[in-house]
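To find a chain, count down the sequence lines: A is the first, B the second, and so on, and within it residues start at 1. Not measured: the values here are computed from a predicted model.
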Number of protein chains: 2
Amino acid sequence: MVDSCFVKRLLQHIDLTASEIADIAELEREPVTFAPGQKLWEEGHKADYICIVQDGWLMSETLLEGGERQILRFYFSGELIGTASIAYDHATTTVRAVDEAQLCMFPRARLGELFARHPRLSTLFYSLGMLEVIDLNDRLRAMGRTDGKARLAHLFLAIAERLRVLTGPESTKLHVPLTQNDLADAVGLTAIHVNRLLKEMSSEGLIRRHRRELELLDEPALRRIAQFRSRRQNIDLGWFPPAQN
Amino acid sequence: MVDSCFVKRLLQHIDLTASEIADIAELEREPVTFAPGQKLWEEGHKADYICIVQDGWLMSETLLEGGERQILRFYFSGELIGTASIAYDHATTTVRAVDEAQLCMFPRARLGELFARHPRLSTLFYSLGMLEVIDLNDRLRAMGRTDGKARLAHLFLAIAERLRVLTGPESTKLHVPLTQNDLADAVGLTAIHVNRLLKEMSSEGLIRRHRRELELLDEPALRRIAQFRSRRQNIDLGWFPPAQN
DNA sequence: CGCTATCTTGATATGAATCAATAGCTGTGG
DNA sequence: CCACAGCTATTGATTCATATCAAGATAGCG
């Protein structure tokens with residue numbers, strides 16, 4: 001019954017009713033495939049869709065006038081894309097697939113209906129949306145007050161923490177299909193400097209990186225360097241209203 | 001009837017029903033005063049409250065191990081504080097008053113009840129929450145890919161845009177009760193460097209700053225420097241469910 | 001098998017941090 | 001009402017992290 005990866009993710013947080021599950025599953029019809037590099041939508045363009053990631057790696061990015069890019073967020077299986085721009089009728093960032101990705105798209109109005117039918121899901125979605133704020137706060141802290149190596153370590157750990165929801169908590173080998181250029185645009189450095197930092201981190205036995213695989217060899221040290229605070233905790237359901245059906 | 005600054009803010013976006021207004025107004029009882037510098041709560045501590053800012057200036061911040069500080073967000077009249085940590089049972093950042101502030105505090109469960117009674121408000125609150133994500137995306141872009149002067153310009157413009165919701169769109173003189181040290185901790189620089197940049201910006205006729213007043217003298221130039229994208233737009237109500245009572 | 005993206009390395013330049021010192025301002029207590 | 005304490009702001013000299021410029025080396029891919 002639960003073949004929806006989004007439902008699976010929600011069930012890690014909360015015990016959904018059959019009716020809630022059925023209505024969420026309704027959103028996951030006809031997955032669409034996106035090729036690596038392909039855009040879901042572009043910054044500034046009209047956008048009315050929300051996507052559930054079935055599978056794959058995606059990212060949200062924004063360009064500056066000089067052509068510099070800032071990568072804002074990565075998205076993995078079971079996550080929602082498009083909610084960040086939900087307050088506006090246009091996309092505030094460009095979203096594209098990194099690796100080939102499978103997505104289920106639905107119009108925003110479906111989310112409105114879901115909120116109306118299931119008040120408890122509206123609080124759940126609100127909580128999950130606020131987790132994105134926390135992630136961004138953590139990124140901002142890293143960007144503003146730590147050096148390049150710490151920012152890279154932070155990025156790796158943040159990605160690992162989110163990928164492990166899917167792979168289990170022990171996996172140290174992660175599929176990370178990012179180029180050094182992508183890493184640079186995510187942490188606000190140049191690709192050249194990222195190259196030197198990665199080499200340094202490898203020689204220090206912190207990580208191993210080959211092709212699209214990243215291995216975290218000394219995670220305690222990485223956590224120390226990044227001053228990483230784990231966000232892997234149960235979410236607080238105490239304030240949620242009861243499920244209505 | 002509408003003496004609630006929070007309702008006033010919401011009414012700028014959406015035409016609330018009397019019942020919605022009444023239930024929101026219920027949240028704004030007995031404002032509490034916080035002195036400059038006083039903490040609402042501290043990172044890591046148990047926290048179950050949401051606050052509506054009646055009046056004043058507040059900020060959210062986080063400390064690093066070496067004592068460095070990153071300021072994450074400022075809060076103004078009519079805004080909600082505490083939502084960012086709503087997914088956890090503890091505060092993920094420290095929040096304190098910058099200037100003397102008046103707040104109305106209420107437990108999270110009240111928000112859950114409100115969502116259950118008024119589905120349309122849950123979509124509205126969700127949208128407003130996602131605006132915070134957009135703000136953070138913009139900050140991240142500035143931090144990762146622009147230099148100190150652009151980051152300062154961006155901060156000033158972002159503050160101005162949000163203060164002008166209260167003061168009207170033409171005001172160029174803003175009350176900004178931040179020290180150079182605060183500015184530095186907000187944009188990820190040292191106070192010394194901020195001092196030099198402010199002097200430079202003053203001599204270029206971009207701003208004037210005296211004590212707690214900031215004047216934006218050449219806003220077009222500031223926008224160019226910061227590559228500032230205005231976020232002042234009506235929010236998209238198209239996907240909201242109808243009001244139920 | 002060559003093309004193009006990716007990665008690597010060295011030399012130099014620069015924005016911002018650090019170190020150090022001083023001056024101004026604000027509130028407080030005697 | 002003055003003097004002192006403690007933030008806040010200012011300025012100069014030096015250092016450091018990271019960017020920029022330049023050139024190859026690899027490696028996946030059609």
Side-chain angles (χ1 to χ4, degrees), chain A residues 35-38 64-71 96-100 142-155 175-204 207-214 225-226, chain B residues 35-38 64 66-71 96-100 142-155 176-204 207-214 225-226:
Chain A
Q38 197 182 347
L64 286 93
E65 279 156 23
E68 307 94 326
R69 178 179 63 149
Q70 177 65 46
I71 295 179
R96 69 167 80 236
V98 180
D99 249 1
E100 183 171 292
M143 296 283 273
R145 287 289 180 237
T146 71
D147 65 11
K149 195 191 284 190
R151 302 216 289 270
L152 274 177
H154 187 274
L155 179 68
H175 174 68
V176 179
L178 301 173
T179 65
Q180 293 182 0
N181 195 47
D182 292 332
L183 293 174
D185 288 342
V187 299
L189 297 171
T190 58
I192 295 171
H193 197 61
V194 164
N195 180 284
R196 298 194 228 263
L197 289 173
L198 289 175
K199 203 176 50 153
E200 203 179 308
M201 291 169 83
S202 289
S203 77
E204 289 166 349
I207 57 166
R208 182 155 30 197
R209 185 171 165 278
H210 185 61
R211 318 225 322 93
R212 309 166 85 96
E213 300 301 314
L214 173 69
I225 290 166
Chain B
Q38 197 182 348
L64 286 93
E68 307 93 325
R69 177 178 64 150
Q70 177 65 45
I71 295 178
R96 69 167 81 234
V98 179
D99 250 1
E100 182 170 293
M143 295 282 273
R145 286 290 179 233
T146 71
D147 66 12
K149 197 192 279 189
R151 302 216 290 269
L152 273 178
H154 186 274
L155 179 67
V176 179
L178 302 174
T179 64
Q180 294 182 358
N181 196 47
D182 293 332
L183 294 173
D185 288 342
V187 298
L189 298 171
T190 57
I192 294 171
H193 197 59
V194 164
N195 180 284
R196 297 194 230 264
L197 289 173
L198 289 175
K199 204 176 50 155
E200 203 178 309
M201 293 169 83
S202 289
S203 78
E204 290 166 350
I207 58 165
R208 182 155 29 195
R209 185 169 165 280
H210 185 60
R211 317 224 325 90
R212 311 168 84 98
E213 300 300 315
L214 172 70
I225 290 167

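- Relative to the axis of its first five pairs, the axis of the last five pairs of the helix from dC1(C)-dG30(D) to dG30(C)-dC1(D) sits at 40°, rounded to 10 degrees.
- Dashed line: the shortest gap from a side-chain N or O of Thr190(A) to OP1 or OP2 of dT18(D) is not under 4.0 Å.
- Put simply, chain A comes within 4.0 Å of DNA chain C, heavy atom to any atom, from dT6(C) to dA11(C), going 5' to 3'.
- Look at CD on Glu200(A): it is 10 Å from P on dA17(D), rounded to the nearest Å.
- Side-chain contact between Asp99(A) and His175(A) is present, with at least one heavy-atom pair separated by less than 4.5 Å.
- Distance CG/Leu155(B) to CG/Leu178(B): 7.5 Å, rounded to 0.5 Å.
- Shown here are the salt bridge (charged side-chain N to carboxylate O under 4.0 Å, His left out) partners of Arg69(A), two or more places apart in sequence or in another chain: Glu61(A), Asp182(A), Asp185(A).
- Nucleic acid contact for Gly188(A): sugar-phosphate only, since backbone atoms but no base atoms lie under 4.0 Å from a heavy atom of the residue.
- At a threshold of 4.5 Å between non-hydrogen side-chain atoms, the residues Pro36(A) and Val98(A) do not count as touching.
- The shortest heavy-atom contact between Arg212(B) and Pro177(B) is NH2-CB, 3.3 Å.
- The stretch residues 187-204 of chain B participates, sequence neighbours left out, in these salt bridge (Lys or Arg N to Asp or Glu O under 4.0 Å) pairs: Lys149(B)-Glu200(B), Lys149(B)-Glu204(B).
- Between the CG atom of Leu189(B) and the P atom of dT18(D) there is a distance of 14 Å, rounded to whole Å.
- For Gln180(A), the side-chain contact (heavy atoms from CB on, under 4.5 Å) test picks out Val194(A), Asn195(A), Leu198(A), Arg209(A), with sequence neighbours left out.
- Not a single donor-acceptor pair under 3.5 Å links the side chain of Arg145(B) to the backbone N or O of Gln70(A).
- From Ile192(A), atom CD1 reaches atom CG of Asn181(A) across 10.0 Å, with rounding to the nearest 0.5 Å.
- Between Leu152(B) and Ile207(B) there is no side-chain heavy-atom pair separated by less than 4.5 Å.
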List, with names and distances, any nitrogen or oxygen atoms from the protein found under 3.5 Å away from nitrogen or oxygen atoms belonging to nucleotides 8-12 of chain D.
| unit_1 | atom_1 | unit_2 | atom_2 | d |
| --- | --- | --- | --- | --- |
| dA9(D) | OP1 | Arg209(B) | NH2 | 3.3 |
| dA9(D) | OP2 | Gln180(B) | N | 2.7 |
| dT10(D) | OP2 | Gln180(B) | NE2 | 2.6 |
| dT10(D) | OP2 | Asn195(B) | ND2 | 2.8 |
| dT10(D) | O5' | Asn195(B) | ND2 | 3.3 |
| dT11(D) | OP2 | Lys199(B) | NZ | 3.3 |
| dG12(D) | N7 | Arg196(B) | NH1 | 3.1 |
| dG12(D) | O6 | Arg196(B) | NH2 | 3.4 |

